[in-house]
Amino acid sequence: MSYTPVAADVAKLRNTTGAGMMDCKKALVEAEGDFEKAIDILRKKGQKVAANRADRDSSEGAVIARVNEDNTLGVVISLNCETDFVAKNEAFIELAYELAEQAITYANKEEFLASDFHGMTVADKLIEQTGVIGEKIEIGSFETIQGAFLGAYIHAGNKIAAITSLSAKVDGADEAAKSVSMQVAAMNPIALDETQVSQETIDKELEIEREILTKEGKPANIIDNILKGKMQKFYKENTLVHQSFIKDGSQSVADYVKSVNPDLKVTGFVRVALS
């Protein structure tokens, strides 16, 4: 006599795994009512789908930024998938938020993927969801940040997110950190300030500008002075604290933060965007 699953068991398996109703019913039938065996069956199905889709491009998804309760530790992750259709799915976005909330306490992606998520590892959960959804699901970016006070911003549509670190928890720090994170998301600075721009980037910029000036016929003895001005402009446009503040172009980001508190400074940032 074949086993026929009751609706309550199917619903329980669906709530546990996130798999579709029919997949849960078939798994319970195959497992003859053994709940744990049914979970394994669904997981193996996910592994099979994951193997078949391993070479697929997962450039869509949701980017989520989360900060802990005392605003000292934060993470930005991307939960990647193959299509924008899946990326906009409410259940997919909820999973991305839940994973980001857990990710806060882990130092790197490897530790996070190995951590327990409702009775299975995060890595296994992603494989399971690959089977459920039928698309390659994976953690793409994983960026952590620590600081005296952090604030986050997630751009509408969950394609870009950023976290900014400020030097102290002061009145107005919450709004300031969020506003600067919005700046980071919108303007994509390459570094905090000129001291954190890599020498490789500086050398490349100088080479490009020198070549342009030489072709324009500028005398060799004044090119170095012109290059100093060019680099100042480069830093103003590309480093966070020197950029014009997007909410008030009459002041720099550093000046905006000082207007909140004279001693307040931006100490760091992270940004993740889907390509």
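Computed from heavy atoms alone, side chains included, the values below leave out hydrogens, waters and symmetry copies.
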Quick one about [Y] and [X] (side-chain donor to acceptor, distance below 3.5 Å, no hydrogens or angles considered), yes or no?
X: Gln196; Y: Asp193; value: no
X: Ser167; Y: Thr267; value: no
X: Glu135; Y: Thr83; value: yes
X: Gln243; Y: Gln183; value: yes
X: Glu175; Y: Ser179; value: yes

Can you tell me how far [atom2] of [Y] sits from [atom1] of [X], rounded to the nearest 0.5 angstrom?
X: Asn238; Y: Lys236; atom1: CG; atom2: NZ; result: 11.0 Å
X: Glu94; Y: Asn89; atom1: CD; atom2: CG; result: 9.0 Å
X: Glu98; Y: Lys125; atom1: CD; atom2: NZ; result: 8.0 Å
X: Phe149; Y: Thr72; atom1: CZ; atom2: OG1; result: 10.0 Å
X: Asp124; Y: Gln129; atom1: CG; atom2: CD; result: 12.0 Å
X: Ile223; Y: Glu209; atom1: CD1; atom2: CD; result: 11.0 Å

Do [X] and [Y] share a hydrophobic cluster (ILVMFWY, side-chain heavy atoms under 4.5 Å, transitive)?
X: Ile64; Y: Ile163; value: no
X: Val76; Y: Met187; value: no
X: Ile93; Y: Ile137; value: no
X: Ile222; Y: Leu206; value: yes
X: Ile160; Y: Ile145; value: no

Item checked: CA sep, side-chain torsions, deciding dist, call: Lys109, Ser141, side-chain hydrogen bond (donor to acceptor under 3.5 Å, both in side chains) -> CA-CA 8 Å; Lys109 184 161 72 172; Ser141 297; over 6 Å; no
Taking the side chain as every heavy atom from C-beta outward, state whether [X] and [Y] have any atom pair closer than 4.5 Å.
X: Asp23; Y: Val132; value: no
X: Val184; Y: Thr164; value: yes
X: Ile77; Y: Val272; value: no
X: Lys12; Y: Cys24; value: no
X: Val266; Y: Leu166; value: yes
X: Lys247; Y: Met182; value: yes
X: Leu113; Y: Leu126; value: yes
X: Phe92; Y: Cys81; value: yes

Is the number of heavy atoms from other residues, nucleotides or ligands under 6.0 Å of [X] [atom1] greater than 12?
X: Glu216; atom1: CD; answer: yes
X: Phe85; atom1: CZ; answer: no
X: Asp171; atom1: CG; answer: no
X: Gln251; atom1: CD; answer: yes

Next item on the list: Before accepting this row, confirm whether a basic side-chain N of the pair Asp9/Lys25 lies closer than 4.0 Å to the acidic partner's carboxylate O.
Entry: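 A salt bridge is absent here (no side-chain N lies under 4.0 Å from a carboxylate O).
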Check: Salt-bridged, Glu211 to Lys215, with N to O below 4.0 Å?
Finding: yes
Side chain [X], main chain [Y], donor-acceptor under 3.5 Å:
X: Glu82; Y: Lys136; result: yes
X: Asp116; Y: Thr121; result: no
X: Thr201; Y: Val197; result: no
X: Asn68; Y: Leu73; result: yes
X: Asp203; Y: Glu207; result: no
X: Arg66; Y: Glu101; result: no
X: Arg271; Y: Ala185; result: yes

Next item on the list: Check step by step if side chain to side chain contact (heavy atoms under 4.5 Å, CB included) holds for Leu240 and Val180.
Entry: CA-CA 9 Å; Leu240 178 58; Val180 178; 4.0 Å; yes
Margin query: Among residues at least two apart in sequence or on other chains, which ones pass side-chain hydrogen bond (donor to acceptor under 3.5 Å, both in side chains) with Asp84?
Written below: Lys88, Lys159
Locate the shortest heavy-atom distance separating [X] from [Y]; write the atom from each residue and the value.
X: Lys258; Y: Leu264; answer: CG-O, 4.1 Å
X: Leu274; Y: Ser78; answer: CD2-CB, 4.3 Å
X: Asn158; Y: Tyr97; answer: OD1-OH, 4.0 Å
X: Ala161; Y: Val63; answer: CB-CG1, 3.6 Å
X: Ala62; Y: Ala96; answer: CB-CB, 4.1 Å
X: Pro5; Y: Val29; answer: CD-CG2, 3.6 Å

Check: Passes side chain to side chain contact (heavy atoms under 4.5 Å, CB included), Leu227 versus Arg210? Steps please.
Finding: CA-CA 7 Å; Leu227 286 175; Arg210 186 181 296 277; 3.3 Å; yes
Next item on the list: For residues 111-148, pull every pair meeting ring-ring contact (aromatic ring centres under 6.0 Å, His included), keeping only residues two or more places apart or in separate chains.
Entry: Phe112-Phe142
Next item on the list: Can you run down the ring-ring contact (aromatic ring centres under 6.0 Å, His included) pairs that involve residues 214-257, sequence neighbours left out, and say none if there aren't any?
Entry: Phe245-Tyr256
